[in-house]
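To keep things clear, I will list the structure first and then write my remarks on it.
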Amino acid sequence: MPAIRLPDGSVKSFDKPVSGAEIARSIGAGLAKAALAITVDGVVKDLATVVDADANIEIVTAKHPAALDLLRHDAAHVLAEAVQELYPGTQITFGPSTEDGFYYDFARAAPFTPEDFAGIEAKMREIVDRDEPIVREIWDRAKMKAYFVEHGESFKAEWSDEIPPDEEISVYRQGKWLDMCTGPHLPSTAKLGKAFKLTKVSGTYWRGDPKNPTLQRIYGTVWRDDAELKAYLHRIEEAERRDHRKLGREMALFHVQEEAPGAVFWHPKGWALWRTLEAFMRSRLDRDGYVEVKTPQLLDRKFWVASGHWDKFADAMFAATPRSESAKESEGERFYALKPMNCPCHIQIFNQGLKSYRDLPLRLAEFGACHRYEPSGALHGIMRVRAFTQDDAHIFCTEDQITVETIKFCRLLMGIYRDLGFTDVRVKFSDRPAMRAGSDATWDKAETALKDASAAAGLELILNPGEGAFYGPKLEFVLRDAIGRDWQCGTLQVDFVLPERLEANYIGEDGQKHRPVMLHRAIFGSFERFIGIVIEHYAGKLPLWLAPVQAVVATITSDADPYAEEVAAALREAGLRVETDLRNEKINYKVREHSLAKVPLLLAIGRREAEERKISLRRLGGAAQEVLALGDAVTKLRDEARIPSA
RNA sequence: GCUGCUGUAGCGUAGUGGUAGCGCAACGCCUUGGUAAGGCGUAGGUCGUGGGUUCAAUUCCCACCAGCAGCACCA
């Protein structure tokens, strides 16, 4: 007889097997009404699931983290039912939930277009109103196949053949419609609610294989209620407004062009931003005991063979050969490849000269320019490129030093993120994968060191079991931006393998040779991507210290031109990035233009200011004016514009 | 890489089998104006690239390139 343990620790005993719905009812009528599903020992199951043994049970309501996924999977079914009702002859295939919603792939000769959405959505709402109970049934596989054949569902029939013989075939039925599906699902279509919207249609292949027939995929999104749906749609709009590709063009930061796919042309203002970030990062690295290096971009293929990269990701590498005939004569058909990462090069520096344990930890940092051949479909603005610069560093240390180095790194990283305006940071911990190098004892040590160090640095870890690199466990740092999107940027990876492969050694206290451990670590990840994230996080309104143009000195009448030049020179002298606007335009026009250009400070100079040697300061986003003496203004703004040095 | 879509002036866009408009920006002139768009005028495009069909192609067809959305990928 099952004893049910609830999340609050209480235990309910039943004298016979009970369904999830009954458990919910035994707790309260309100909960029974709100219940969508249950979890049995952490696994989400239908509300109708009968529990016949002792178990930990949670009642899943809309508030539960698993609820959205249930809603989304159900929405896919309701979409499919609606489409089949409206467009007889359309075949169903698959329809899973996705990160923000769901989709369903259909087979139909005529194309779906966004104009069809309103009708389909109306039908979906009708199905929700019908409140069709969703019932799970176990079918015999022959019956399943026969059903699909009879109903002209050739794709489903094909798929039913491929379900492993030892697996049950479950069917979810809602009203007259049904689909073969593993579930779980909501108890009825009414529970889906109406906070859904179809978003787009695209083509795809049956089972993702181009040799197979094409299908049409209809995408949608669904949320717990209208407020959430509205917030999501708003977030999409916000994301468009903040798009770094649009802002990059408008703010004259960079451009990309056909001849250099996946590579960025940085314009003066974009490069100013880059240089500021680099200077900021460099000052922090200097303070934390890193030494900066610069290593070659083009190296002989033999080098990459030795490092193991040629074997593992040659497909992602660019190769180059000298073109001149004389080079071919003297070197033969020698060929080189552009580095896809910096670590092997850093080991070369480590390997020059004999290292002692006294040299450890050795922290080699490089703003390393790397090239990787990313698939064309993966390229995206400056966020995903083929030519990028990592804020890379490798810490060569002993196993005993892993903990301390990890703590140091976490503090460094959190400080940098904080100063850049990212305060919401999550840390993922990925431990040993099935395929791995190194002994279990070594892995034990490395995993424990990372965990302990994260705890000591005050970080809460999100576990990512089995997702570590083959050469060691890793921490991944995910920052959340102003509109709630997550970006994985920083990483710390423990590596026992590469020092072995490339024969890095140091002499220990015992006079013997030892193998150092290598910590791969990055904070921005890549400058290109990180700058894209910063632009979108701030919607282009960069904080003063990062802004490419920090101040514009704008004149009100041309009489003030000489004084305006003097003001600009004084600010420049104080280290600010300043432009003057002496154009024959009204101050209204200038204010509007520089506000739209997102310049943080506007110094208006009229006849009055020129006579009194003052400036009138207007800050971006505010209408207030502040009149300051020139000398005071320079001191004040110099201090405000300084790179944070906390 | 895959599927679908797109490519017209610096940017945003209209349009057509008979070699192209509009707005903003740019430039010039007038205006010297006190905190989010003053007025008038001028210039700017071999319509992504290559091929084909046609008397004629920016328009129709094919290929390629790049971009966009999604998928896959992100070692």
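Numbers restart at 1 for each chain; the letters A, B, ... are given by sequence-line order, proteins then strands.
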Is there any protein nitrogen or oxygen under 3.5 Å from a nitrogen or oxygen in nucleotides 65-69 of chain B, and what are the pairs?
| unit_1 | atom_1 | unit_2 | atom_2 | d |
| --- | --- | --- | --- | --- |
| B:C65 | O2' | A:Glu258 | OE1 | 3.3 |
| B:C68 | OP1 | A:Arg245 | NH1 | 2.8 |
| B:A69 | OP1 | A:Arg245 | NH2 | 2.9 |
| B:A69 | OP2 | A:Arg245 | NH1 | 3.4 |

I'd like to compare against my own output: the B/S/- annotation of nucleotides 33-41 of chain B with a strict under-4.0 Å heavy-atom distance to protein.
BBBBBB---
Which base, if any, makes a Watson-Crick or G-U wobble pair with [N], both distances under 3.5 Å?
N: B:A66; result: B:U6
N: B:A72; result: none
N: B:G18; result: B:C55
N: B:G45; result: none

A:Tyr104 has an atom OH; how far is it from atom C1' of B:C71, in whole Å?
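In whole Å, B:C71 C1' and A:Tyr104 OH are 18 Å from each other.
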Rounded distance in Å - CE (A:Met317) to C1' (B:C73)
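A:Met317 atom CE is separated from B:C73 atom C1' by 18 Å.
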Can the positive tip of A:Arg386 be found less than 6.0 Å from the middle of the six-membered ring of A:Tyr373, inside 45° of the ring normal?
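Yes; both conditions hold, so A:Arg386 lies above the ring face of A:Tyr373.
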Nearest-angstrom distance, P atom, B:G45 to B:C68
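To the nearest whole Å, 27 Å.
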Side-chain N or O of A:Tyr373 versus OP1/OP2 of B:G1: is the shortest distance under 4.0 Å?
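Affirmative; the distance criterion is met.
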Decide, yes or no, whether a salt bridge links A:Asp632 with A:Lys636 under the criterion of side-chain N to carboxylate O below 4.0 Å.
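Answer for the salt bridge query: no.
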Residue whose closest nucleotide on RNA chain B lies nearer the 5' end, A:Lys312 versus A:Glu250
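Looking at RNA chain B, the more 5' nearest nucleotide goes with A:Glu250.
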If you round to the nearest 0.5 Å, how far is OH of A:Tyr103 from CD1 of A:Ile218?
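Rounded to the nearest 0.5 Å, the CD1-OH separation comes out at 13.0 Å.
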